[in-house]
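The next block holds one structure in the form of structure tokens; read it before the comments.
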Amino acid sequence: MECVFCEIVAGRVETDKVYESDDVLVIQDLNPVAPVHLLIFPRSHVAKLSAMDEENADLLSHVMLIAKRSAIELGLDKSGYRVVINEGAMGGQTVQHFHAHILGGRQMHWPPG
Ligand code: AMP
Ligand code: ZN
């Protein structure tokens, strides 16, 4: 089965790109659930967080630092924001290519749904 994020990386699926580095892409989520809803994912296909190990430590920290930087650039750092990684079926993961969500621009609640 084709992976939609790999298709985006390959340029075969259009997207609203916010930032890209050699290792990751930051895009607008197609179905935003907050005024700001970005996705960060590695160019290389890794299915999910649990498929990562020590070899991926640099990539994982890069994803988190880019999340922080993207939030600052969007002016979310003063108001606050949320970074989410959904893992597997019970975690609500629907795209099987590791990614982190950045959500902001509205009050977040706990516990999440
Ligand atoms: P998750 O449920 O954590 O796997 O999140 C997957 C996210 O990818 C959802 O928020 C979708 O709206 C988003 N999504 C799916 N396809 C695309 C796409 N082609 N471009 C942008 N976002 C997408
Ligand atoms: Zn993929």
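Remember, it's 1-based here, ligands and their atoms both numbered in the order they're listed. Keep in mind that the numbers below use all heavy atoms, side chains included, and drop hydrogens, waters and symmetry copies.
- Inter-residue side-chain proximity for Phe5 and Leu25 is flagged as unmet; no heavy-atom pair is nearer than 4.5 Å.
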Legend entry - Asp23 vs Asp58, side-chain contact (heavy atoms from CB on, under 4.5 Å): CA-CA, chis, key distance, verdict: CA-CA 10 Å; Asp23 300 317; Asp58 287 349; over 6 Å; no
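- The shortest non-hydrogen separation linking Asn31 to Asp29 is N-OD1, 2.8 Å.
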Legend entry - Test side-chain contact (heavy atoms from CB on, under 4.5 Å) applied to Leu30 and Thr15, step by step: CA-CA 8 Å; Leu30 199 57; Thr15 191; over 6 Å; no
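- At distances below 3.5 Å, at least one donor-acceptor pair connects side-chain atoms of His97 with backbone N or O atoms of Pro42.
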Dump all N/O pairs between ligand 1 and the protein below 3.5 Å as a table: atom names plus distance, one pair per row.
unit_1	atom_1	unit_2	atom_2	d
ligand 1	2 (O)	Gly92	O	3.0
ligand 1	2 (O)	Thr94	N	3.3
ligand 1	2 (O)	Thr94	OG1	2.9
ligand 1	3 (O)	Asn86	ND2	2.8
ligand 1	3 (O)	His99	NE2	2.9
ligand 1	3 (O)	His101	NE2	2.8
ligand 1	4 (O)	Thr94	N	2.7
ligand 1	4 (O)	Thr94	OG1	3.2
ligand 1	4 (O)	Val95	N	2.9
ligand 1	4 (O)	His99	NE2	3.0
ligand 1	5 (O)	His99	NE2	3.0
ligand 1	5 (O)	His101	NE2	3.2
ligand 1	10 (O)	Asp29	OD1	3.2
ligand 1	10 (O)	Asp29	OD2	2.5
ligand 1	12 (O)	Asp29	OD1	2.5
ligand 1	22 (N)	Leu30	N	3.1

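- Under the salt bridge (charged side-chain N to carboxylate O under 4.0 Å, His left out) criterion, the residue pairs touching residues 68-88 are Arg69-Glu73, with sequence neighbours excluded.
- Under the 4.5 Å side-chain heavy-atom criterion for ILVMFWY residues, a single connected hydrophobic cluster contains both Val46 and Val83.
- At a threshold of 4.5 Å between non-hydrogen side-chain atoms, the residues Phe98 and Asn56 do not count as touching.
- Protein N/O/S atoms closer to the Zn ion (ligand 2) than 2.8 Å number 4 in this structure.
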Between side-chain atoms of residues 100-109 and protein atoms elsewhere (two or more places apart, or another chain), which donor-acceptor pairs fall under 3.5 Å?
unit_1	atom_1	unit_2	atom_2	d
His101	ND1	His37	NE2	2.8
Arg106	NE	Val33	O	3.1
Arg106	NH2	Val33	O	2.9

